[in-house]
Amino acid sequence: MSFDHAFKLTNTLTRTKDVFVPEDRNNVRMYVCGPTVYDYAHIGNARPVVVFDMLFRLLRHLYGAEHVTYVRNITDVDDKINARAAAEGVSIGELTERTAAQYHADMRALGALDPTIEPRATEHIAEMKAMIEQLVAKGHAYVAEGHVLFDVGSMADYGKLSGRSLEDMQAGARVEVAPYKKDPMDFVLWKPSKEGEPGWPGPCGIEEPGRPGWHIECSAMARRHLGETFDIHGGGADLVFPHHENEVAQSRCSHDTEVMARYWLHNGFLQVEGEKMSKSLGNFITVHDLLDTDKLGGRVWPGAAIRLALLMTHYRQPLDFTEKSLSEAEGLLQKWDGLLSSLPADQADTKVPDALVEALCDDLNTPRAIAVLHGLAREARGGEVQAKAALAASLNFLGIDLAGIRAAAEEATARAADPELAARVDGLIAERNAARAAKNWGEADRIRDLLAAEGVVLKDTRNADTGTVETTWELAR
């Protein structure tokens with residue numbers, strides 16, 4: 001184990017960058033909210049996976065892999081799951097199993113390690129019911145019309161994590177106004193199941209089938225696998241309130257503890273091409289879209305390029321996910337792969353550079369870590385074998401596998417060498433040039449889009465001497 005670096009993390013709970021000191025260096029524990037498995041994970045879902053995978057890798061490096069436990073749950077009981085299963089005419093079990101498998105495949109393609117433990121909500125109903133009964137017994141929850149609700153007024157410092165007063169939360173939150181609530185801010189711990197929905201006998205003597213609220217699921221799974229208090233809880237900024245705030249309330253009031261987790265980390269929001277991602281805007285992009293279809297830029301993208309594009313912005317900052325950023329990431333990886341192609345096999349395994357670890361120990365500063373890679377690449381271009389070895393070790397530490405980049409480049413090169421393809425592309429470029437000369441811009445755009453759909457990227461360059469536009473092409477990699 002190495003503790004040579006001052007390890008600091010920006011803690012949402014304290015609103016400061018704090019030195020990280022685990023409760024037990026031999027048992028470092030982290031919980032991150034995982035997917036609700038009803039559809040493909042979108043690129044916004046992927047950001048926290050990559051961010052906290054990077055943190056997991058760093059913790060393993062600092063404290064030893066055997067001393068770090070990373071729990072990321074799966075929510076497999078939810079209104080969205082019920083609705084999607086009914087719409088597809090499949091069982092809830094079939095839908096959640098299929099979607100969880102898709103999720104795992106996509107996240108592994110992004111270089112994410114599997115968590116140490118991946119609990120499912122439906123496997124922890126007993127723990128949820130036990131926690132709910134504890135909260136009722138301690139006066140922090142109450143039963144009303146088949147529901148069990150958390151009594152927000154019973155917790156003096158509710159809102160501490162998000163930094164909001166109860167009045168602010170009441171004014172800004174969308175709360176369910178129900179006659180059985182003591183206060184509109186009280187939230188559901190248990191609710192009745194409708195016909196056709198999953199259900200279990202309730203806590204507190206409720207006989208009708210019911211199911212847990214979303215917030216209690218994470219509190220119960222975290223306690224089961226990490227204990228009443230643990231080191232790090234992570235997730236997206238959108239979860240600070242109400243999800244994480246309510247987790248804190250449930251766990252602290254159930255266990256009579258001062259904290260649930262000692263460090264809370266939240267990654268910033270993600271946009272696509274400068275706009276909030278939404279299906280109505282047509283910019284809703286899943287990881288599957290990027291890996292297996294031509295949804296963005298008329299081509300598929302290697303998982304390593306997607307991962308690097310996500311890491312190029314500091315995790316706490318908003319991220320604008322663009323085709324340009326993906327192209328820049330892929331271009332860097334291609335250059336680095338070229339540098340490493342001549343690295344002798346016996347030189348490939350080396351120590352991770354201190355500068356890289358120091359960058360990540362500064363609040364997981366991945367842009368600074370990538371700057372370290374640029375420095376190593378400059379040295380490697382000068383023929384420094386040690387720099388090449390350090391670059392390879394650094395990429396491996398960051399979870400970036402160049403094999404996919406290499407395979408994509410080789411496939412593109414092989415396809416570009418096809419004489420029939422080359423003749424067809426050259427012919428279409430000539431047609432496009434003629435359309436442009438006739439100012440038939442619609443036809444020129446149609447040809448460009450046709451080629452892009454086939455993975456052919458056109459590049460128009462104006463000749464400085466003649467003033468004419470010359471068009472070259474290459475296959476997307």
Side-chain angles (χ1 to χ4, degrees), residues 32-50 72-110 112 114-115 117-125 128 146-147 174 176 188 190-202 208-218 220-221 235-236 238-239 242-243 270 272 275-296 298-301 303 306 321 453:
V32 175
C33 294
T36 299
V37 284
Y38 70 98
D39 203 350
Y40 286 110
H42 57 67
I43 194 65
N45 301 139
R47 190 181 191 193
V49 172
V50 171
R72 187 185 68 210
N73 74 292
I74 285 180
T75 296
D76 57 353
V77 52
D78 182 82
D79 290 338
K80 292 178 180 178
I81 293 172
N82 298 337
R84 179 59 59 86
E88 292 188 10
V90 299
S91 70
I92 288 171
E94 180 182 343
L95 174 67
T96 56
E97 285 299 319
R98 183 187 76 219
T99 309
Q102 292 166 347
Y103 178 83
H104 290 143
D106 288 345
M107 297 309 112
R108 288 167 185 157
L110 301 187
D114 291 341
I117 303 170
E118 191 175 53
R120 294 188 176 220
T122 54
E123 297 170 353
H124 295 75
I125 300 297
M128 296 174 204
H147 296 71
R174 295 181 180 179
E176 179 188 359
V188 171
W190 189 268
K191 60 184 176 181
S193 293
K194 298 174 184 177
E195 187 173 348
E197 293 180 343
W200 295 264
E208 296 80 6
R211 54 196 177 99
W214 177 33
H215 313 304
I216 196 68
E217 295 176 8
C218 287
M221 287 185 279
D238 57 311
L239 298 182
H243 185 51
L270 180 143
V272 174
E275 295 185 296
K276 182 178 179 180
M277 185 168 57
S278 72
K279 292 181 178 178
S280 62
L281 292 174
N283 66 350
F284 187 88
I285 298 174
T286 70
V287 177
H288 183 75
D289 289 332
L290 296 174
L291 294 169
D292 296 312
T293 73
D294 58 0
K295 184 72 175 285
L296 185 63
R299 50 161 300 185
V300 299
W301 298 91
I306 301 169
F321 192 79

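Keep in mind it's a predicted model, so treat the numbers as computed, not measured.
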- [ ] Check Cys33 against Asn73 and note the closest heavy-atom contact, atom names and distance.
- [x] CA-OD1, 3.4 Å
Task: Taking every non-hydrogen atom, the tightest pair across Trp190 and Gly146 - done: CD1-O, 4.2 Å
- [ ] State whether Asp114 and Arg108 are salt-bridged, where the test is any N-O pair (Lys NZ or Arg NE/NH1/NH2 against Asp/Glu carboxylate O) under 4.0 Å.
- [x] yes
Open item on the list: So which atom in Thr99 and which in Leu95 form the shortest heavy-atom distance, rounded to 0.1 Å?
Closed with: OG1-O, 2.8 Å
- [ ] Measure from the side-chain N and O atoms of Arg120 to the backbone N and O of Ile74, and report whether any donor-acceptor pair falls under 3.5 Å.
- [x] no
Task: Shortest non-hydrogen contact from Pro115 toward Arg72 - done: CD-NH2, 3.5 Å
Open item on the list: Using ring centroids (six-membered ring only for Trp), state whether Trp214 and His243 fall under 6.0 Å.
Closed with: yes
Task: Test: Arg211 and Asp79 ion pair at under 4.0 Å - done: yes
- [ ] Taking Thr96 for its side chain and Gly93 for its backbone only, find out whether a donor-acceptor pair lies under 3.5 Å.
- [x] yes
Open item on the list: Rounded to the nearest 0.5 Å, what separates atom NE2 in His124 from atom CD1 in Ile216?
Closed with: 13.0 Å
TODO: Please examine the side chains of Ile306 and Leu291, heavy atoms only from C-beta on, and report whether any two atoms are closer than 4.5 Å.
DONE: yes
Open item on the list: Using 0.5 Å steps for rounding, measure from the CZ atom of Phe321 to the CG atom of Asn283.
Closed with: 12.0 Å
Open item on the list: Rounded to the nearest 0.5 Å, what separates atom CD1 in Ile92 from atom CD in Glu197?
Closed with: 7.5 Å
Open item on the list: Looking at Asp76, is its backbone amide N or carbonyl O close enough to the side chain of Thr122 to form a donor-acceptor pair, meaning the two atoms are under 3.5 Å apart?
Closed with: no
